[in-house]
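Not measured: the values here are computed from a predicted model. The basis for the numbers below is simple: all heavy atoms, side chains too, and nothing from hydrogens, waters or symmetry mates.
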Amino acid sequence: MIHLSPHHQIELDPALMHMLERPPDRDYVVRRVSQKVVNGQPLIQGELVISGNETLDAYPLAVKYPVHFRKTYYPTCFHQHPDQEYENQLAASRIIDVPPPIGSTRTTFRSCYLPGTPFDRLSPFGVEPPERNIQIAEEHPKAACIGLWFLLNSVYTQITALHENGFAHGDLFLHNIIISPAPIGAHLIDFEQAVRRDDEMSDEVWKEKVDADLSEILKTGTFLQCALGRQEGPLSNACLKALPKLFTAHRQFKRSIERRTKRA
């Protein structure tokens, strides 16, 4: 078993094990994880790689995690900041349970690979107009909604911890939350646009950053409570408090939650 992160391991194909014992000069690509293409031009590509000697010599953590995630930025991507992403993830890893980054260059970023599924692929919600999600919530299996609530609650705890330490994710959409099955857990990824609050940032701007981070989490938490009824704790309270800002038809969501609560 090969360590992918402090909490995850992988059983590597026996045909590839020799590359750990006798690494090639350059990284070997095991498989492509993601790719962003605009107008036929590649911008960013993410790959699971086995570290080559050049990588092992350059980054101490690549020795500990020889199989890891490598993100490559192409010249057509004008907003590439691998070094900043490295610093942002390193800062986040000191606050919450995010694996530390492995390294970066002008065009690449490396980190532990987190096996799992993006939250948005597990959630049945997110259709437009938002009110349609009420019916989806009422029809979705309750057991699945309970599981999603506990995972979302973990995400909310993590992001509020970041905010309390003056750190905003900056791109917290559901696809940037990875749900790992073994061990079960919710993990934040993609800190490229993260920002840290400083003395020059006004309270108004900081609040905008915080609200942007929480928007999709609170919307999803609202949908789930339409399925389960009102829950206890900070996430539930934050959802209900933010209802008027989240939805035009906020009273419709409130009635749905109250109706489900009475049935429970």
Keeping Arg260 on the side-chain end and Ser256 on the backbone end, is there a donor-acceptor pair under 3.5 Å? no

Other ILVMFWY residues reachable from Val195 by side-chain steps of under 4.5 Å: none

Distance-only polar pair, side chains of Gln158 and Ser154, donor-acceptor under 3.5 Å: yes

Residue Gln135 excluded, over 12 heavy atoms near CD under 6.0 Å: no

By the definition side-chain contact (heavy atoms from CB on, under 4.5 Å), identify the one residue from Ile96, Ile178, Asn176 that meets it with Leu188. Ile96

Arg196 atom CZ: more than 12 heavy-atom contacts under 6.0 Å: yes

Is it true that a side-chain atom of Thr117 and a backbone atom of Ile179 form a donor plus acceptor pair closer than 3.5 Å? no

Judged by atom type as modelled, is there a donor-acceptor pair below 3.5 Å linking the side chain of Asp211 to the main-chain atoms of Glu208? no

Would you please say whether a donor-acceptor pair under 3.5 Å links the side chains of Gln225 and Ser236? yes

Are the aromatic ring centres of His175 and Phe119 under 6.0 angstrom apart? no

Ring centres of Phe247 and Phe223 under 6.0 Å apart? yes

Between His187 and Pro115, is there a donor-acceptor pair closer than 3.5 Å when you use the side chain of the first and the backbone of the second? no

Answer whether the closest heavy-atom distance between the side chains of Thr220 and Asn133 falls below 4.5 Å. no

Any luck finding a side-chain donor-acceptor pair between Asn88 and His81 under 3.5 Å? no

Roughly how far, to the nearest 0.5 Å, is the NE2 atom of His68 from the OG atom of Ser51? 4.0 Å

Who clusters with Ile10? Use side-chain heavy atoms, under 4.5 angstrom, across I, L, V, M, F, W and Y, and order the result by chain and number. Ile2, Leu4, Leu12, Leu16, Met17, Met19, Leu20, Tyr28, Val30, Val33, Leu48, Ile50, Val67, Phe69, Tyr113

Quick one: hydrophobic cluster around Leu56, which other residues, with the 4.5 Å side-chain cut-off, linked directly or via members? Val63

Side-chain H-bond candidate by donor/acceptor type, Thr55 with Arg110, under 3.5 Å: yes

